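For reference, positions follow the sequence shown, starting with 1. These figures come from a predicted structure and were not determined experimentally. Both backbone and side-chain heavy atoms feed into the values below; hydrogens, waters and symmetry mates do not.
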Amino acid sequence: MKFSFLLFCSCLIAIHVLAQNQHPDSQYILQSTHNAVQYKNYYLLTLFQKDPDVRALLQRDPILTELLNNKKAKTEDAIKNCTNSSSCLTTAIQFGPEEISAVSKRLESLFTSGGGSNALHSLVSNQLIPSGCYNLYANLKPLETLTKAWEQDANAINHVINVYVNGQKPNYPAIDSISFDVKDKNYPELVRTNARLSLDKENALFFEPSMQFALVALEINERNDAADYEPMASTVNKAAILSIKSTNFKSYPYSLILVPGEGPEEHDTELSPGGMLRCRLAAEQYKNKVAPYIMVSGGRVHPYKTKYSEANEMKLFLMRTLQIPESAILMEPHARHTTTNLRNASRLMFRYHIPMDKPALVITVKSQSMYISDTMPQRCIKELGYEPYRVGKRLSDNNLEFYPNVMSLQIDFDEPMDP
C-alpha cells in the first residue's frame with residue numbers, strides 16, 4: 001500500500017475540503033515544457049526551472065549549489081569506478097534520504113526568508129497550489145505543501161531509476177517492465193553513458209542531473225507514453241475543445257459519455273472487438289442526445305509495448321464507422337488500467353471546463369461496469385490515496401452515472417507513464 005494511515009486521514013480531509021469540486025483557481029493553466037513527460041511527472045521541479053526569479057534564487061543559494069556539486073562529484077566518481085555495476089552508479093545519482101531532508105530544510109529556510117514575500121512564496125501560492133498537482137496536501141500550510149511536493153518529486157525520480165535502470169518490478173510488471181536485461185554484460189556501459197549526459201553543464205539546479213538521468217532512462221526504454229498526443233488541447237482534442245465554450249450543458253442529462261478501452265492481445269490488432277462494442281454502446285446514447293461528448297480512454301497498454309493507442313483507435317472507429325463528428329469526441333490516451341480511466345477523465349473534464357457538478361456516464365460491458373461501481377472505489381483509495389469519482393445511479397448493466405472529483409489532479413508519483 002502506497003500511503004500510510006496518517007496520509008490516508010489527510011486525504012480524507014482534503015477530499016472533504018474539495019467535496020464540492022471547487023479549486024483555488026479553475027482557470028489555472030499548467031506550465032508546460034517541450035517535454036510533457038517531465039512536467040506531468042515532476043511539476044514542482046518544472047516550476048523551479050520556468051520561474052526566472054525562483055530559478056535564480058535556487059541557483060545562487062550556496063547550500064543547494066554545494067549539494068549539486070557533491071552530486072556531480074559522486075556521479076563522476078561512480079562513472080569511473082562502477083564499471084560492472086549499474087546499481088552502484090544509480091546509488092550516486094538517486095536522492096538519498098539525507099539529501100531529500102536537507103533540501104526540504106533549505107526550501108523551508110528560503111520560503112520563510114523575507115517575511116514570506118519572496119519569489120518562492122509567490123510560486124507556491126500562485127502556481128503550485130492552484131495547479132492541483134499536489135492536492136493530497138491541500139489541507140496543509142503552503143510551506144508544508146512545498147516540502148511535500150519536493151519529496152514527492154524526488155521519490156518519483158528515484159522510482160523511475162529503480163524500475164527503468166535497476167530493473168525493479170513496477171506496479172504492473174506484465175505491461176510496464178524495463179526493456180533491458182540488466183544482467184547483460186554491456187548494460188552497465190549504457191547506464192554510464194546516460195550518467196555522463198546527466199552531467200551536462202546546463203544542469204545548474206540541484207535536482208537537474210538526477211531528473212535528466214531519469215528522463216533519458218524512460219526515453220531509451222521507449223516509455224514516454226505520458227507524452228502521447230501532447231499537447232492534446234491543440235492537437236487531438238482541439239475540435240472538441242473549440243465547441244465546449246458554446247455547448248449548453250443544461251440541455252443534456254449528462255456532461256459526457258466515458259468509454260474505457262479494452263486492449264487487444266495481438267500485436268497487429270488495432271482495436272479489440274470489445275472496444276468496438278463499447279463504442280457502439282456509446283454512439284447509441286450520443287445519438288439519443290444523452291450527452292454532447294464522448295470521451296474515449298485508454299493508452300498503449302496491451303499487449304506489451306503495443307504501438308496502438310486504445311483511445312486513438314476508438315476515436316477513429318467512432319468517426320469512420322459510426323459517423324460521430326470529431327468535434328464531439330475527446331481523447332484520453334494515457335490510462336493504463338480502469339482506475340485511471342476514471343481519474344484521467346475527471347482531470348480532462350476539469351482542465352477543459354466541462355461541468356464538474358453534473359453527472360457523467362460511463363458506458364462499458366457489464367463486468368467492468370459492476371467493477372467500477374462495486375470494487376474500484378476501494379482499489380483507488382489503496383493505489384491513489386483517494387476516490388477519483390463518486391458513483392451515481394445505475395441505469396443498466398452497461399450504463400453507470402459518476403461524478404468527477406477534482407482530487408484527480410494529484411500526480412501519481414510511481415506511475416511515470418501515466419502519472
Task: Residue pair W150, F95: steps toward the ring pair (Phe, Tyr, Trp, His ring centres under 6.0 Å) verdict - done: CA-CA 11 Å; W150 150 246; F95 294 109; 5.3 Å; yes
Open item on the list: Between T75 and I79, is there a side-chain heavy-atom distance shorter than 4.5 Å?
Closed with: yes
Open item on the list: If we count only N and O atoms by modelled type, under 3.5 Å, do the side chains of N166 and T90 hold a donor and an acceptor together?
Closed with: yes
Open item on the list: Parallel, tilted or perpendicular: which one describes the rings of H337 and Y172, with boundaries at 30° and 60°?
Closed with: tilted
Task: Whether N194 side chain and F213 backbone form a donor-acceptor pair below 3.5 Å - done: yes
Task: Y293 side chain reached by Y286 side chain, heavy atoms, under 4.5 Å - done: no
Open item on the list: Is any side-chain heavy atom of N237 closer than 4.5 Å to one of Y229?
Closed with: no
Open item on the list: For K315, is there an ion pair with E326 - N to carboxylate O distance below 4.0 angstrom?
Closed with: yes
- [ ] Can you measure from CD1 (I63) to NZ (K105) and round to the nearest 0.5 angstrom?
- [x] 11.0 Å
Task: Side chain proximity check, T247 to I354, heavy atoms < 4.5 angstrom - done: no
Task: Atom pair CD (E151) and OG (S101), whose distance is rounded to the nearest 0.5 Å - done: 8.0 Å
Open item on the list: Can you confirm whether I178 sits close enough to V165 that some side-chain heavy atom of one is under 4.5 Å from a side-chain heavy atom of the other?
Closed with: no
Open item on the list: Is it the case that the side chain of D153 and the backbone of L44 share a donor-acceptor pair, with hydrogens and angles ignored and the cut-off at 3.5 Å?
Closed with: yes
TODO: Any chance you could measure C133, atom SG, to Q152, atom CD, to the nearest 0.5 Å?
DONE: 9.0 Å
Open item on the list: Can you tell me how far apart CE (M232) and OG (S234) are? Round to the nearest 0.5 Å.
Closed with: 10.0 Å
Open item on the list: Quick check against the 3.5 Å criterion: does T112 have a side-chain atom that pairs as donor or acceptor with the backbone of S109?
Closed with: yes
Open item on the list: For the OG atom of S373 and the CG atom of L400, what is their distance to the nearest 0.5 Å?
Closed with: 5.5 Å
Open item on the list: Set out, in order, the CA-CA distance, both residues' side-chain angles and the distance that settles side chain to side chain donor-acceptor pair (under 3.5 Å) for R278 and Q368, then state yes or no.
Closed with: CA-CA 11 Å; R278 296 176 194 197; Q368 187 181 42; 2.8 Å; yes
- [ ] Could you tell me whether the side chain of I329 reaches within less than 4.5 Å of the side chain of M295, counting heavy atoms only?
- [x] no
TODO: Please confirm whether the backbone N or O of Y308 pairs with a side-chain atom of T306, one donor and one acceptor, at under 3.5 Å?
DONE: yes
- [ ] Show the numbers, then the answer: is there a side chain to side chain donor-acceptor pair (under 3.5 Å) between N344 and T340?
- [x] CA-CA 5 Å; N344 293 357; T340 48; 4.7 Å; no
Open item on the list: Tell me if a side-chain donor or acceptor on H334 pairs with a main-chain N or O of G299 at a distance below 3.5 Å.
Closed with: no
Task: Q38 versus T33, side-chain donor and acceptor atoms under 3.5 Å - done: no
TODO: Flag the pair Y28 / I129 as yes when at least one side-chain heavy-atom distance between them is below 4.5 Å, and no otherwise.
DONE: no
Task: Any donor-acceptor pair under 3.5 Å from R223 side chain to S177 backbone - done: yes
- [ ] Look only at the side chain of S113 and the backbone of L110, and say whether a donor-acceptor pair between them is shorter than 3.5 Å.
- [x] yes
Task: salt bridge (Lys or Arg N to Asp or Glu O under 4.0 Å) partner of K71, the single match among E99, E208, E66 - done: E99
Open item on the list: So F48 and R55, do their side chains get closer than 4.5 Å, heavy atoms only?
Closed with: no
Task: Whether E313 side chain and L316 backbone form a donor-acceptor pair below 3.5 Å - done: no
Open item on the list: Could you check whether Q212 and D200, counting side-chain N and O atoms only, form a donor-acceptor pair closer than 3.5 Å?
Closed with: no
- [ ] Output yes when R300 and D225 qualify as a salt bridge under the 4.0 Å nitrogen-oxygen rule, no when they do not.
- [x] yes
TODO: Would you check if the side chain of R336 reaches a backbone N or O of M417 as a donor-acceptor pair within less than 3.5 Å?
DONE: no
Open item on the list: Would Y254 and E401 count as a side chain to side chain donor-acceptor pair (under 3.5 Å) here? Give the steps.
Closed with: CA-CA 9 Å; Y254 298 101; E401 292 181 351; 2.6 Å; yes
Task: Geometric class of the F402/Y389 ring pair [parallel <30°, tilted 30-60°, perpendicular >60°] - done: perpendicular
Open item on the list: To the closest 0.5 Å, what do you measure between CG (N41) and CG (N35)?
Closed with: 9.0 Å
Open item on the list: For the backbone of A226 and the side chain of K40, can you confirm whether one donor and one acceptor N or O come within less than 3.5 Å of each other?
Closed with: yes
